[in-house]
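This report refers to the structure that appears directly beneath it.
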Amino acid sequence: MPLALLALAVGAFGIGTTEFVIMGLLPEVADDLHVSIPTAGHLVSAYALGVVIGAPLLAAVTSRMSRRTVLIGLMALFVAGNALSAFAANYDYLLAARFLSGLPHGAFFGVGAVVATTMVAPERKARSVSLMFLGLTVANIVGVPAATLMGQHLGWRATFLGVSVIGVAAIASLALLIPHDHAQAPRVGLRGELAALRSVPVWLALGTTVAGFGALFSAYSYITPMLTDAAGFAEGSVTLLLALFGVGATAGNLLGGRLADHSMRGTLFGGLISLAAILALFPLLMTTEWTAALAVVLLGTAAFVTGSPLQLMVMEKASAGPSLASSANQAAFNLANAGGAWIGGLALAAGFGATSPAVAGAVLAVLGLGVAATAATVDRRRAVPGRERVVATHVPHEAEALQH
């Protein structure tokens with residue numbers, strides 16, 4: 001695997017850290033800026049809104065620029081957003097800075113996935129994407145806990161300065177390691193990228209992402225009350241259990257990348273079926289501490305097995321102009337975050353019990369499986385009998401995709 005994937009993983013590590021660390025620092029931020037914790041919680045939403053808006057917008061605006069330049073520019077914007085967060089004079093400025101920090105998130109992963117797959121042989125494309133996403137999952141094990149401790153002992157502003165330093169390291173890595181093959185602008189411009197989004201299979205792939213990861217966030221958004229109210233864990237144990245989720249997510253990400261190189265659709269189906277089964281079993285698994293801890297690990301593993309296949313499926317269906325569609329898939333992940341949390345909250349508000357968000361998530365996973373099955377049916381009707389296209393993430397001047 002090319003060393004350049006390390007540069008993408010460093011950027012992903014910084015992005016993953018800044019996205020999730022704010023959740024552990026809300027009390028410190030609220031106290032320092034003299035706002036309530038629910039008001040401070042809008043900082044999470046502001047970042048997510050930035051991702052949803054920025055992913056397709058920045059991918060479209062930069063469609064004529066070289067991908068190497070785009071990645072470096074996106075990380076520069078990321079550094080600026082976090083530095084402004086560190087020096088925000090009041091809550092409103094911090095809210096705007098968090099929105100700015102979220103803007104490059106989706107486009108970085110979208111364009112980065114295209115770059116990653118063009119640096120490896122066709123049979124290693126899924127693994128290349130999983131290695132880039134490795135930075136995101138490792139951030140939940142190492143980056144977020146470390147940054148949270150830094151914020152609690154040195155102040156929340158120090159955390160965002162630290163994340164800015166990670167961003168600077170990512171810029172240096174990208175400049176040194178991304179091949180100059182990506183220093184020329186793609187021949188496919190905005191018109192070609194938009195044309196790729198008109199495809200029904202692309203939208204079915206995006207719909208699978210929304211439903212599949214909506215299943216995860218329906219449960220994960222309320223994992224703390226499940227662990228404390230249902231499984232009986234003390235609140236102080238939750239941080240360690242969330243680290244176990246990160247371990248499961250990392251293992252699932254690597255496993256999914258390897259399996260998807262052999263069968264992309266089979267890996268996706270297997271992951272969604274496993275996710276639905278685990279979520280459906282949550283009411284049973286949350287009855288004892290050891291089974292609850294196992295459930296957290298399995299949840300991360302099953303959900304992130306589907307990450308690389310989902311990203312590659314979107315890129316395959318938009319092979320003529322993959323950057324915009326790939327970035328749009330990152331927006332779909334964040335829509336899944338918001339939508340899943342909302343649906344899980346409805347189950348809780350209806351009085352169905354602490355584990356009801358997981359059951360709602362199981363329904364969403366089945367829905368995602370249905371959308372994926374519909375996409376497979378559409379593909380079979382369009383495909384030449386006996387042959388199936390592999391992932392094609394090239395533009396016309398790049399290497400021609402193989403058939404298998």
Side-chain angles (χ1 to χ4, degrees), residues 55-56 106 109-110 113-114 117 122 125-126 129-130 133 193-218 252-253 256-257 259-277 279 302-337 339-340 361-394 401-404:
F109 280 110
V114 175
T117 56
K125 289 180 182 292
V129 173
S130 71
F133 283 134
E193 297 281 355
L194 289 173
L197 279 180
R198 299 192 190 110
S199 167
V200 171
V202 168
W203 285 100
L204 287 172
L206 292 173
T208 305
T209 296
V210 173
F213 267 77
L216 166 65
F217 287 111
S218 178
N253 174 55
L259 292 177
D261 277 329
H262 296 285
S263 175
M264 181 177 65
R265 202 175 294 280
T267 302
L268 177 58
F269 283 172
L272 289 172
I273 291 171
S274 300
L275 182 59
L279 288 170
F304 279 85
V305 159
T306 66
S308 296
L310 284 169
Q311 188 71 36
L312 287 170
M313 184 173 292
V314 171
M315 292 161 62
E316 178 192 40
K317 304 312 174 189
S319 58
S323 295
L324 181 55
S326 181
S327 299
N329 196 48
Q330 295 301 311
F333 278 120
N334 278 267
L335 287 174
N337 189 338
V363 175
L364 284 175
V366 172
L367 176 62
L369 191 62
V371 178
T374 302
T377 301
V378 171
D379 281 352
R380 280 196 296 269
R381 290 177 178 176
R382 295 186 176 198
V384 177
R387 304 185 73 184
E388 181 182 355
R389 288 182 303 163
V390 298
V391 179
T393 62
H394 67 286
L402 301 178
Q403 299 262 347
H404 69 79

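One is the number of the first residue; the rest follow in order along the sequence. In what follows, every heavy atom counts, from backbone to side chain, and hydrogens, waters and symmetry copies are set aside.
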Any idea which heavy atoms bring [X] and [Y] closest together, and the distance?
X      : Y      : result
Val202 : Ala325 : CG1-CB, 4.4 Å
Pro122 : Asp261 : O-OD1, 4.4 Å
Val305 : Gly271 : CG1-CA, 4.1 Å
Val366 : Ala276 : CG2-CB, 4.1 Å
Pro201 : Val378 : CG-CG1, 4.2 Å

* To do: Any chance you could measure Thr306, atom OG1, to Met313, atom CE, to the nearest 0.5 Å?
  => 10.5 Å
Can you name the side chain to side chain donor-acceptor pair (under 3.5 Å) partners of [X], sequence neighbours left out?
X      : result
Thr209 : Asn329
Thr377 : Arg380
Ser130 : none

With a 3.5 Å distance limit and no angle check, can you tell me whether [X] reaches the backbone of [Y] through a side-chain donor-acceptor pair?
X      : Y      : answer
Ser218 : Gly214 : no
Thr117 : Val114 : yes
Gln311 : Ser326 : yes

Is [Y] close to [X] at the side-chain level, that is, under 4.5 Å between some pair of heavy atoms?
X      : Y      : value
Phe333 : Phe109 : no
Leu369 : Ile273 : yes
Asp379 : Lys317 : yes
Gln330 : Ser327 : no

List in chain and number order the residues that pass side-chain contact (heavy atoms from CB on, under 4.5 Å) with [X], two or more places apart in sequence or in another chain; answer none if no residue qualifies.
X      : result
Ala375 : Leu204, Arg265
Ala372 : Thr208, Leu268, Phe269, Leu272
Pro56  : Leu324, Ala331
Ala215 : Leu275, Leu279, Leu364, Ala365

* Working for side-chain contact (heavy atoms from CB on, under 4.5 Å), residues Asn253 and Ser308 -> CA-CA 7 Å; Asn253 174 55; Ser308 296; 4.0 Å; yes
* Asked: Of all residues at least two apart in sequence or in a different chain, which pass the ring pair (Phe, Tyr, Trp, His ring centres under 6.0 Å) check with Phe304?
  ->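 For Phe304, the residues satisfying ring pair (Phe, Tyr, Trp, His ring centres under 6.0 Å) (neighbours in sequence not counted) are Phe213.
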